[in-house]
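All figures in this text were calculated on a predicted structure; none of them were measured in a lab. Sequence lines set the chain letters: A, B, ... in the order given, protein chains first and strands last, and positions in each chain run from 1.
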Amino acid sequence: MPELPEVETVRRGLTRLVGGATIQSVTVLYPKMVSPEAATFVADLTGKTIEKIDRRGKYLLFRFNGDLTMVSHLRMEGKYDVQPAGSPVTKHTHVVFTLTDGRELRYTDTRKFGRMRLMATGKETTLPGLATMGPEPTEATLTFDYMKQRFQKSKKAIKPFLLDQSNIAGLGNIYVDETLWMSRIHPLQEVNTLPDFQIRQLRENIIKELNMAILGHGTTVHSFSTAFGEAGEFQNHLRVYGRKGLACQRCGTPIEKTKVAQRGTAFCPACQKYHKHVKQTMILGLTGGIATGKSTVSAVFREFDIPVIDADAIAHSVLAPGSDGVDQVWEAFGDRVFEAGKLNRKALGHIVFNDADELKRLTDITGPLISAAIKAAVSTYRRKHANLVVLDAPTLFEAGYAAKTNEIMVVKISAAQQLQRLMARDDLSEDQAESRIKSQLPLQNKIEKADVVIDNSGSVETTRVQVVEWLDKMGFIKTPAEDSAG
DNA sequence: GATGTTTCCTGACTGC
DNA sequence: TGCAGTCAGGAAACAT
């Protein structure tokens, strides 16, 4: 089902194939598809030259000489292709444009939902669909201010709201599900309940996703193909659509399928929770590989007075002297990890890092304690109405914290740099450093799950610039005027 | 005015 | 195997 990226792919293909071509004759095999009535449609187009093909939302606009525009909507399964004149047509070919160069531009549509409308150029903006069409999803045209103002006015569920072309142009069922998953928003969440940070995430993801899909020549589901008859390749990148029952690529929970506004809707029940009381504080998960420079990034957040919850420090504190954690470790491991009544962390480490069962025994104790402490820290910042809280966790994915965040930032450097930095930092041999790196979830794997990647392979300043840009884009850096206004 | 439902259409699929 | 029923979905038309 063609959405904006597919229609744009068709537009580009057709421009190359039939731009400048002249129509010798037109055959309409399914009159209901065209307007004005077929005889007029045919007469008006005969002898006309395709000067240009534009696009608005999911509509194709064929521009002919003589100030004539054909507005064409592919709806569910419409397709254009170019064949030599006289070659056999299929039973689903409904309109044939015979060109003066011996080729035919054919329109095929199994469900006959597509429509073509011929009118004076300029008049197309008065068509019901085009007259009320929302902005194109680009950086320049889809602004945060527009979205915020529009979102405040509607109590609709976000899914049907995004499918409504008068709000934003070009989104269809697939990309709505994808961008809601990317933004961790439940499809039934009421539009006017979304906090600013989620509107910004959604905006960013819509623009990013549609651009990526255009680069990938669209998504092939059912029958979409480009003007060259090739399949698009973007379906290989889909994260929720058509993945019912498969593991969420972010948190591992099985993707569920439900119906929202009469549309099949895929979502992750863990990442995309419905919130009766929407939380205004954004939780950013910060992670990376060992020695990739996470602390350089967290220092930038601290510089802007943004609270950082350090999962490593919490992990250390849950086994502090006199804590419940220490009591439980004593019960589980006994005297062998205690010396003069005090926990011997080195001895404990030696046991658990050489035996997977013992490691599990320890993490079964510390895991829930760490989670509870993180939750308590987050609650404290929420009560203080913090806009943003950073959860700095080396094992964000491994420990299952990813689903508790609104966005994930991964810090990367090259494999060679990582090795060098680790050897220098911890005074390790190359073999030792390599084995430490290999014991972790591969950095590439984390990068693939990231919403934003910070490249820390350059100077501290270039890293800082990237973090500041992200803060600015997400609206977390106030101008002096906003600051004094509170 | 905003929101919800039905309609258009055919092929693929499911269950008996 | 054959058949009836269901599902897929973009946007306009209609209903609330």
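Classification of the W470(A)-F476(A) ring pair by plane angle, with boundaries at 30° and 60°, yields tilted. The aromatic rings of H186(A) and Y274(A) lie perpendicular to each other, with more than 60° between the two planes, well past the 30° mark.
Here E190(A) does not pair with K276(A) in a salt bridge; the nearest charged N to carboxylate O distance is not below 4.0 Å.
Between Y30(A) and dC8(B) there is no side-chain N or O to OP1 or OP2 distance below 4.0 Å. Checking the phosphate oxygens (OP1, OP2) of dC8(B), no side-chain nitrogen or oxygen of K112(A) falls inside 4.0 Å. The shortest distance between the side-chain N/O atoms of K58(A) and the OP1/OP2 oxygens of dG10(C) is not below 4.0 Å. At the phosphate of dT10(B), neither OP1 nor OP2 sits under 4.0 Å from any side-chain N or O atom of H92(A). When the side-chain nitrogen and oxygen atoms of S154(A) are compared with OP1 and OP2 of dT3(B), one or more of them lie within a distance under 4.0 Å.
Considering only side-chain atoms of H73(A), the nucleotide from dA11(C), dT3(B), dG11(B) that sits closest is dA11(C). With distances taken from any side-chain atom of T110(A) to the nucleotides dG11(B), dA11(C), dC9(B), the minimum falls on dG11(B).
For R111(A) and dG9(C), a side-chain-to-base donor-acceptor distance below 3.5 Å is present, hydrogens and geometry of angles not being considered.
A straight line from OH of Y175(A) to P of dG10(C) spans 12 Å, rounded to a whole angstrom. The distance from atom CZ of R117(A) to atom P of dA11(C) is 15 Å, rounded to the nearest whole Å. In this entry the distance linking NZ of K79(A) with P of dG10(C) reads 15 Å, nearest Å. dA12(C) atom P lies 16 Å from atom CE of M116(A), rounded to whole Å. In this structure, E77(A) atom CD and dA12(B) atom P are separated by 9 Å, rounded to whole Å. Here dG1(B) presents its C1' atom at 12 Å from CZ of R150(A), a figure rounded to the nearest Å. Taking atom CG of residue N167(A) and atom P of nucleotide dG10(C), one finds them 15 Å apart after rounding to whole Å. Separating the NZ atom of K159(A) from the C1' atom of dG9(C) is a distance of 10 Å, rounded to the nearest angstrom.
Map K153(A) and R115(A) each onto its nearest nucleotide of DNA chain B; the residue landing nearer the 5' end is K153(A).
Lacking a ring centre under 5.5 Å from that of the base six-membered ring together with a plane angle below 30°, F113(A) does not count as stacked on dA11(C).
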Run L130(A) and T125(A) through side chain to side chain contact (heavy atoms under 4.5 Å, CB included) and show every step you take. CA-CA 5 Å; L130(A) 285 166; T125(A) 54; 5.6 Å; no

The test is side chain to side chain contact (heavy atoms under 4.5 Å, CB included); show your working for Y59(A) and M133(A) and say whether it passes. CA-CA 10 Å; Y59(A) 290 87; M133(A) 177 87 63; 3.5 Å; yes

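Using a 4.0 Å heavy-atom cutoff across all strands shown, F161(A) reaches no nucleic acid atom at all.
Minimum heavy-atom separation, Y146(A) to G134(A): OH-CA, 4.4 Å.
The closest donor-acceptor contact from the side chain of R55(A) to the backbone of G57(A) lies under 3.5 Å.
Using a 3.5 Å distance cut-off with no hydrogens or angles, the side chains of N456(A) and T463(A) do pair a donor with an acceptor.
The stretch residues 256-264 of chain A touches DNA chain C through K257(A), K259(A), R263(A), G264(A), each having a heavy atom under 4.0 angstrom from the strand.
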